[in-house]
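Reviewing the structure listed below.
Here is how names work: the chains are called A, B, and so on, in the same order as the sequence lines, proteins then strands, and each is numbered from 1. Because the structure is a prediction, the values reported are computed rather than measured.
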Amino acid sequence: MVIDMRLSKYFIPTLKEVTADVQMPSHKLMLRSGMVRQLAAGVFSWLPMGHTVLKKVMNVLREEIDRIGGQEFLLPALNPIDIWEETNRVEAMGEVMFHIKNRDGLILAPTHEEVITFHARQHVRSYRDMPMIWYQIQTKFRNEPRPKSGVLRGRQFIMKDAYSLDSTWEGLDESYQKHYEAYTRIFDRCGIKFFVVGASSGAMGGKQSQEFMVESDAGEDLCAISDSGYAANIEVATSNIPPVGRIAEELEIEEFATPNAKSIDDLVEQFNIPEERCAKSVVYMVEDAPILVLMRGNDELNENKLESILGTNVFRPATSEELIQFTGADGGSIGPVNLKTKVRVIADNLLKDANGLVSGANKDGYHFKNIDFKRDVNIEEFYDLRTVIEGEPNPIDGEPIRIVKAIELGHIFKLGTRYSAAMGANFLDAEGKENPIIMGSYGIGVERVIACFVEQHFDEYGIKWNKELTPFHAHIVGLNTKKSEEVREACEKLYEGLKEVSLDSLYDDRDDSVGVKFNDADLLGVPVQIIVGSKNLANGLVELKYRETGEKEMVSLEEAIDKVKSYYLV
RNA sequence: CGGGGCGUGGCGCAGUCCGGUUAGCGCGUCUGGUUUGGGACCAGAAGGCCGGAGGUUCGAAUCCUCUCGCCCCGACCA
């Protein structure tokens, strides 16, 4: 079946302009080149050319995941809520999960660990059945509070998701490593510059995870990286800064009035207290229980770190009423000493064993000074809770950290037994003992691959596809096709000739002015343009133009086909 | 969820503050003609109950109320 790819018939609605609120270059170009159209907030249709590129990306994904032994599935987006309740993720996903309104017990799946584990439970009985890599390329549904940046964050998007099933932890390490390498090959083939960061597992749970990131101002993730090679998502990034420590003076703890101090900055300003000697209190409610978190000075609490310490993402800042109920004071005057009720207190590592600290007195308008964490409070739990700041030394070699914005393109997780244990997906090991399957989960946002590629490969005229992702191998630009039969014939010859050697070409046979055709060709960004005009044709020549470099050369029709062919062989 | 902005022929916009002929402009579309190596030109034409509902008024794209949609910023720091 051969599709007619004459532009006069093929649906590529290019646009000269897009509405003013489209900001990202890739978003603008994908709209202008007729690849996508928006249907609703966070919901996009893929038009024929965009869909062709999508298929090219999927091709690369399939080849590389097949190469590491993946077996392709197609799992349903519609899921029974039961399996999600088994893993307690209905609550963990919260508002993000779409629930079907007129059919109880069905949801739209935001990811597929549960379904995979369900089938593994059905059929995986023995350690001999593993290792296994199961994957699919399929649509996910996530009720994002705020979709943005075109196709980058949608409520419906296509994901390549893979899952590994292993009987040993070493096996998981191998499966994980295979995916790491496959992902590297995938993004290399797609011509995307990326970096890998250590990441948080978030609602996925699990042991270890890494993200494949693309640096971009439109990114929604912050990463701490250093030129020497440290790279971590800010959600888990750490830095090597010294703890607050102890000062020599051993002064008695003392209450003092701070009627106008609502924040650490106020304390620092009004009482001349060094910022690092302030212990900031933040109170969260975990279910119905309060937890007081102490941070150094104005350090920012990292909620992701808190989440992994608490083992749940179901927590929220306490309300004013709750603060008063549990601590005795409203925000601004809360501290670890003299709490009204028994409250779990955890503190950042930097505050461990520190003294000479100032913190709220749990009495509105009062603080304590000279608090000694060894003497005056009994905090047993110290954790790394802070968010790192640009310029701090990285924990590996001390090089300063840079904070960059990045788009998350892929994410690989060592899930461990979190899902298999919860759902009872067990196997018998060589000793005949029953164990939960050891799992990994690996995802790539397919549309994001395209958006990121375009973001990295465009100029003022349009997109510049690479050999791997280009929707067509050649773009035949027929000039004045209406008037010149010679041009039409030459174009047809090229079109057919390329088809014979299995190269797809887009043939612009429209009755439009040359300017329109040249501009559309540059906008669509096919790597090789074959420009056929009557003047050159009189000498038996056509012009080849390479989109990447702008380089041009005059060749015969036969040479043109050979040149295109060899261009893609390299 | 909080705050801000926008919704007017297919697309991109003006008009709205300060209500008043027939609602404009550019692009696109259709017809005819002239052009043709970088988004051509001339002539003519089609196409809009101004997001929706209600209200104020002699009269509403314009004012008021409600509602739907879309975009942007924010959503621990007590």
Side-chain angles (χ1 to χ4, degrees), chain A residues 13-24 27-28 31-32 34 37-43 94-95 145-150 153 218 258 261-267 275 278-285 290-307 315-324 326-335 348 359-362 364-365 367 385-387 461-462 477-484 487 510-523 529 531-537 541-543 545 550 552 554:
Chain A
T14 57
L15 257 24
K16 273 196 209 171
E17 48 194 2
V18 294
T19 179
D21 47 47
V22 173
Q23 287 304 323
M24 273 189 87
H27 187 193
K28 211 177 280 188
L31 288 167
R32 289 227 293 128
R37 288 293 181 266
Q38 182 169 345
L39 214 213
V43 183
E95 286 296 307
R146 185 148 87 87
K148 54 182 270 196
S149 306
R153 171 166 293 265
T258 53
K262 285 283 164 213
S263 67
I264 299 295
D265 288 339
D266 294 342
L267 283 172
E275 192 176 305
C278 295
K280 180 177 66 172
S281 304
V282 183
V283 179
Y284 282 87
M285 298 301 294
I291 180 165
L292 175 63
V293 184
L294 290 164
M295 302 296 299
R296 180 196 74 161
N298 262 330
D299 277 356
E300 189 179 320
L301 168 62
N302 187 319
E303 284 199 349
N304 285 281
K305 291 181 179 179
L306 182 60
E307 179 180 329
F315 56 83
R316 58 170 174 83
T319 63
S320 237
E321 294 72 40
E322 286 164 338
L323 290 176
I324 293 162
F326 292 108
T327 72
D330 202 347
S333 301
I334 293 167
D348 185 71
S359 197
N362 297 313
D364 283 339
H367 280 73
L385 286 161
R386 62 189 296 277
T387 304
Y461 304 107
V477 182
L479 304 180
N480 306 314
T481 37
K482 178 105 179 255
K483 208 160 193 190
S484 165
V487 168
R510 295 174 302 177
D511 180 24
D512 268 306
S513 71
V514 295
V516 170
K517 294 189 177 198
F518 284 140
N519 281 307
D520 271 354
D522 288 345
L523 174 61
Q529 297 172 11
I531 299 157
V532 184
S534 43
K535 282 182 204 151
N536 289 322
L537 205 54
L541 297 173
V542 295
E543 184 179 305
K545 177 181 165 187
K552 295 172 180 174
M554 303 293 282

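- Rounded to an integer number of Å, the gap from I531(A) CD1 to G38(B) P is 11 Å.
- Remark: U21(B) base-pairs with no nucleotide; criterion is Watson-Crick or G-U wobble with both hydrogen-bond distances under 3.5 Å.
- Put simply, CG on L301(A) and CG on L294(A) are 10.5 Å apart, with the number rounded to the nearest 0.5 Å.
- The nearest whole Å value for the distance from the CG atom in N519(A) to the P atom in G37(B) is 14 Å.
- Base-pair partner of G2(B): C73(B) (Watson-Crick or G-U wobble, both distances under 3.5 Å).
- Spacing between atom CG of D522(A) and atom P of G37(B) amounts to 17 Å, rounded to whole angstrom units.
- Taking atom P in both G9(B) and G24(B), the straight-line distance is 14 Å, to the nearest Å.
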Review point. How does protein contact run along nucleotides 24-33 of chain B, one letter per nucleotide 5' to 3', with B for base contact, S for sugar-phosphate only, - for none, heavy atoms under 4.0 Å?
Key: --BS------

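- Checking U65(B) for Watson-Crick or G-U wobble geometry (two distances, each under 3.5 Å) identifies A53(B) as its partner.
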Exercise for review: If a protein heavy atom is under 4.0 Å from the base, mark B; if only from the sugar-phosphate, S; if neither, -; do that for nucleotides 73-78 of chain B going 5' to 3'.
Suggested key: BB-BBB

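- Atom-to-atom, CZ of R153(A) to C1' of C71(B) comes out at 16 Å; the value is rounded to the nearest Å.
- As rounded to whole Å, 12 Å separates atom P of A40(B) from atom CZ of F518(A).
- At distances below 3.5 Å, not a single donor-acceptor pair connects side-chain atoms of D522(A) with backbone N or O atoms of Y461(A).
- Here U16(B) sits opposite no nucleotide as a Watson-Crick or G-U wobble pair (both hydrogen-bonding atom distances under 3.5 Å).
- Residues F326(A) and V283(A) have side chains not in contact (no heavy-atom distance under 4.5 Å, counting atoms from C-beta outward).
- Closest contact between the side chain of S513(A) and the listed nucleotides G37(B), C71(B), A40(B) involves A40(B).
- Here K545(A) lies in heavy-atom contact (under 4.0 Å) with a base.
- Of all nucleotides present, only A45(B) satisfies the Watson-Crick or G-U wobble test against U29(B), with each distance under 3.5 Å.
- For C70(B) and U62(B), the P atoms lie 23 Å apart once the distance is rounded to whole Å.
- Look at the P atom in both C72(B) and U67(B): the space between them is 23 Å, to the nearest Å.
- Contacts of V516(A) with the nucleic acid, taken as non-hydrogen atoms under 4.0 Å apart, include base atoms.
- Look at the P atom in both G59(B) and G55(B): the space between them is 12 Å, to the nearest Å.
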